[in-house]
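Remarks on the structure that follows.
Computation of the quantities below employed the complete heavy-atom set of this structure, encompassing side-chain atoms and omitting hydrogens, waters and symmetry-equivalent molecules. In what follows, every chain begins at residue 1, and chains take the letters A, B, ... in the order their sequences are listed.
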Amino acid sequence: MEPRAVTAPSPAALWRPRWRYEPAHLALYAALLVVVGVLVVLPIASVLRGALVDSGGFTLAHVARFFYTPLYLESLRNSLYAGLGATLLASLLALPAAFLLGRYQFRGQAVLVTWLTVPLVIPPFVGAIGLNQALGRAGALTLFLEDRLGVQFVAAEGLRGVILAHALHYFPFILLTVTNALANVDPSLEEAAKVAGARGVRLLWRVTLPLVAPAYAAGAILVFVRSTDDLGTPLILNVKNMLGPQAYFRITTIAREDPDGYAISIVMLALALVAVLLATRLGQRREVATLQTGSRAAGRPLRGWGPRLLLAFSVLVGFLGLLPHLGVVLMSVSRVWSLTYLPTGYTLDHYAEILFRAPQFVLNTLLYSATAAVVAVAVAVGVAYLQHRGRVPAPGLLDFAATAPIAVPGVVLGIGFLRVFDRWTVPWLGVPLTALWLIFPMLYVARRLPYAVRATSAAMAQVHPTLEEAAAVCGARRWRTFRRVVLPLVLGGAVAAGVLVFVTAAVEFSATVLLISRVEQSPLSYGIYLYAQSPRGRGAAAALGTVAVVLVAVGTYLANRIGGRRPALTW
Amino acid sequence: METVSEERVLAVEVELDRLTKRFGATAAVYGLSLSVGRGEFFTLLGPSGCGKTTTLRIVAGLVEPDDGRVLFDGKDVTRLPPWDRNLGMVFQNYALWPHMTVFDNVAFGLVERRVPRAEVQRRVAEALDKVGLTGMEGRFPSQLSGGQQQRVALARALVVRPGLLLLDEPFSNLDAKLRVQMRAELARLQRDLGITTLYVTHDQEEALVLSDRIAVLDSGRLVQAGTPRELYENPRDVFVADFLGGANLLPGVVVRRGSAEVEVQVGDARVTAPVEGEAAPGQPVWLSVRPEHLELSFGDAGGLRGTVVATDYLGWTLQAEVALPDGTRLQVRGLDPSTPLRPGQPVSLRIRSERARVFPRRS
Ligand SMILES: Nc1ncnc2c1ncn2[C@@H]1O[C@H](COP(=O)(O)OP(=O)(O)OP(=O)(O)O)[C@@H](O)[C@H]1O
Ligand SMILES: [Mg+2]
């Protein structure tokens with residue numbers, strides 16, 4: 001054949017725009033937009049509306065009133081104080097251990113890491129119950145201090161108690177990010193500084209710290225955000241003048257439509273938003289700071305006094321971190337524990353109470369969390385697929401909406417849910433949607449969707465597009481390719497995410513508490529709060545708390561197992 | 001019935017008609033027309049980024065062209081999705097599904113075609129046998145070497161008895177020795193099956209060895225298509241000459257024009273070489289001489305004088321780089337390996353002018 005010379009295509013063809021959307025993708029996109037819109041966008045918008053709109057249209061009057069009301073200002077101050085205090089204390093607990101683990105190599109290192117992350121398995125408001133037994137007004141250690149040393153000091157009380165409970169629960173976040181960053185600092189950077197003459201403290205100050213600072217900041221911000229987000233701990237410790245409790249009380253005890261409740265919500269929202277944006281910015285900086293040349297610094301052996309002191313301190317922190325667990329578990333089996341170091345009698349009665357006499361708390365939690373996990377994973381797989389492969393307009397929009405709740409405090413989301421779904425009447429039943437148990441899984445899906453989407457999206461990003469192209473060429477239509485290639489490859493990541501959704505939903509309190517209309521429907525977390533209200537119920541609260549700890553521990557273990565077993569791609 | 005005839009596929013005839021594909025402002029493929037005969041081994045050859053992969057993906061249906069048509073056996077398939085084209089394709093990175101065993105990878109296309117289970121078993125076994133992987137059915141891709149993965153990819157492409165086999169640099173991830181071996185196996189399989197094959201490579205040797213015909217692309221455009229011999233012996237321009245086989249380019253000026261040859265002044269020397277097309281006296285031209293068409297002798301023996309700059313000893317042969325007085329460097333190939341050649345030595349080069357070509361040069 002004689003090749004035809006280069007022929008220009010007809011000019012008309014060059015102007016033909018090619019917006020080719022895939023109908024199946026568009027349908028899925030629309031469905032997911034509705035789901036995410038209803039579960040996420042509507043509630044958030046509703047809170048904004050409640051705070052910024054009244055009969056006369058847009059107004060800043062409610063927000064302004066927030067800043068004129070002494071009680072609210074005090075609550076803001078207290079929330080900031082507690083959040084910053086918890087962050088600071090968590091840093092003090094975490095940083096020495098992080099330095100030890102990131103820089104030295106010693107026997108039992110892995111054990112220490114695991115031990116120091118154990119606090120994460122206890123929800124902070126459950127931990128608060130345990131702390132109260134150890135360091136509260138009548139706590140074992142408080143009594144010990146008073147009897148033996150004559151010191152009168154109640155550590156776990158009021159704001160101080162909130163700070164302590166949060167610091168002991170959240171310090172592993174800082175520990176993990178900083179340890180990881182220290183281990184990932186390109187050793188050549190430090191070596192270069194050493195060659196240039198920097199040594200010891202100067203090296204630490206001028207090179208190492210700036211390199212891990214972004215990671216530390218990210219961990220610290222996470223602690224701050226989680227701490228200000230948590231409603232359960234202040235309620236358990238009976239601290240009312242903080243933002244979360246104030247918003248909760250305004251909405252549930254004053255009036256559903258009380259604009260002050262929404263104004264407080266907006267302030268909380270703004271606070272969380274600023275923190276999350278800051279963390280995102282720092283996250284981008286962090287990637288620049290840790291050059292990954294693959295060569296990790298070899299850990300130094302433990303020699304001299306400095307590192308031994310660090311080790312001793314870390315072990316002490318480990319014991320402190322176990323205090324809440326110990327308190328809760330002991331409490332759950334104690335018959336009488338009052339004004340003594342240890343319980344004066346033991347019983348399994350509290351477990352009988354929560355497992356046989358009032359089993360609905362645990363059963364409800366299992367039902368709600370499992371439903372939420374399945375739905376969240378299904379939605380997350382759809383969102384992640386469309387984000388990476390969707391032939392739809394603006395695939396990022398869906399992802400953005402689905403991850404928005406990451407910056408929404410639980411109380412605020414709960415208030416939004418209440419405001420929106422209290423007005424939705426269920427057909428046939430004639431009751432508001434908030435009266436159905438379904439409201440809880442819906443809430444948990446909305447709250448945990450960001451994590452599910454991120455994990456699934458990360459798994460999806462690992463699937464090389466040619467794997468799908470190869471399937472298409474082999475004769476598989478889009479759906480078949482999705483089922484036979486994409487789904488199996490992201491399933492590991494998605495299921496791991498689902499287990500984490502289950503676990504976090506099982507101990508969700510901040511938003512749950514707003515939507516409780518009947519005790520028979522309430523999940524475990526609210527049950528703990530309910531029992532803890534009366535001194536005689538504390539044992540049952542602790543027993544429920546122990547169940548929560550076991551659920552979280554097993555779930556976290558499973559998620560790590562499943563997540564780690566994803567098939568390795570060959571490139 | 002003979003097994004061979006049962007295995008032979010219904011090969012298609014492919015025609016590309018003025019294909020154009022743009023990514024943003026740049027055209028990856030521009031006005032490309034080609035036709036590939038039934039059972040032909042056809043290679044797209046060109047430098048990186050010239051649009052080979054894009055062309056192949058258009059043929060597969062993975063990329064939709066902005067303009068132009070793809071025809072299989074005269075039928076317009078431009079808008080047909082990949083799964084309806086009955087193709088076999090081997091990707092550069094193999095694209096084996098990591099969560100499936102070798103068996104499941106190969107059986108994938110048969111399952112999609114609803115082939116009965118017993119026949120799937122038989123055909124997968126047959127395909128694995130053909131690529132020499134019998135006994136590996138239960139392994140996962142991560143448990144295979146690069147060459148074995150390559151074979152699985154090939155088996156997966158062939159097992160569906162496609163009308164057209166597409167291969168995108170299938171051997172570029174293999175080491176040199178394995179590449180030569182796989183190349184031979186592919187050639188044998190392709191001949192046995194009589195399957196139309198569109199092959200993409202930037203390796204000219206691979207193209208020359210394997211192909212019935214080659215199309216050389218540059219910046220998304222077709223430069224020349226023909227049999228390996230045609231392209232090698234009668235390159236249409238400097239680009240083809242240099243890309244296929246390599247060429248020494250000597251600047252010269254036309255002195256005299258004959259009927260089918262032309263006399264060119266190159267430095268001090270005059271060379272008479274065959275020419276096609278226009279070449280008026282006074283016109284600047286390139287004299288293109290392949291490295292094996294230069295004869296080297298020591299001292300001043302007429303022709304072009306130069307100095308040896310470097311030598312490459314390859315065992316079975318010797319190559320040299322020679323600098324002319326004006327600085328032009330020439331490659332010389334195919335020397336007797338026992339030639340006592342040292343850098344710095346003065347040599348002279350005689351051009352086997354009947355093998356040289358003359359191309360226009362923009363001054
Ligand atoms: N999906 C894409 N988006 C944008 N540009 C693209 C895309 N695919 C290809 N291109 C561009 O089109 C041109 C041709 O690419 P193509 O992959 O077809 O080249 P190639 O000949 O296969 O090169 P190589 O030998 O390096 O594989 C290149 O300039 C490339 O950058
Ligand atoms: Mg390519």
Polar contact flag, side-chain donor to acceptor under 3.5 angstrom, [X]-[Y]:
| X | Y | value |
| --- | --- | --- |
| B:Asp66 | B:Thr20 | no |
| B:Ser172 | B:Gln92 | yes |
| B:Asn93 | A:Thr466 | yes |
| B:Arg113 | B:Asn86 | yes |

Under 3.5 Å, which donor-acceptor pairs do the side chains of residues 482-489 of chain A form with other protein atoms, sequence neighbours left out?
{"from": "A:Arg484", "atom 1": "NH1", "to": "B:Phe108", "atom 2": "O", "distance (Å)": "3.4"}
{"from": "A:Arg484", "atom 1": "NH1", "to": "B:Glu112", "atom 2": "OE2", "distance (Å)": "2.8"}

Legend entry - Top contributor to chain A contacts, counting heavy-atom pairs under 4.5 Å, from B:Val160, B:Leu144, B:Val111, B:Val90: B:Val111
Inset, instruction - Would you mind telling me which of B:Arg85, B:Arg57, B:Met100 has the largest number of heavy-atom pairs within less than 4.5 Å of chain A? - result: B:Arg57
Inset, instruction - Name, in order of residue number, those residues of residues 469-476 of chain A that have a heavy atom at a distance of less than 4.5 Å from a heavy atom in chain B; otherwise write 'none'. - result: A:Glu469, A:Ala470, A:Ala471, A:Ala472, A:Val473, A:Cys474, A:Gly475, A:Ala476
Inset, instruction - Examine distances only and state if a side-chain atom of A:Tyr29 and a backbone atom of A:Pro393 form a donor-acceptor pair shorter than 3.5 Å. - result: yes
Inset, instruction - Could you look at B:Leu87 and say if it's the side chain, the backbone, both or neither that has a heavy atom under 4.5 Å from chain A? - result: both
Inset, instruction - Report the residues that fulfil side-chain hydrogen bond (donor to acceptor under 3.5 Å, both in side chains) with B:Arg117, sequence neighbours left out, ordered by chain and then residue number. - result: none
Legend entry - Partners passing ring pair (Phe, Tyr, Trp, His ring centres under 6.0 Å) against B:Phe91 (at least two apart in sequence or in another chain): none
Legend entry - Interface moiety of A:Arg480 toward chain B, non-hydrogen atoms closer than 4.5 Å: side chain
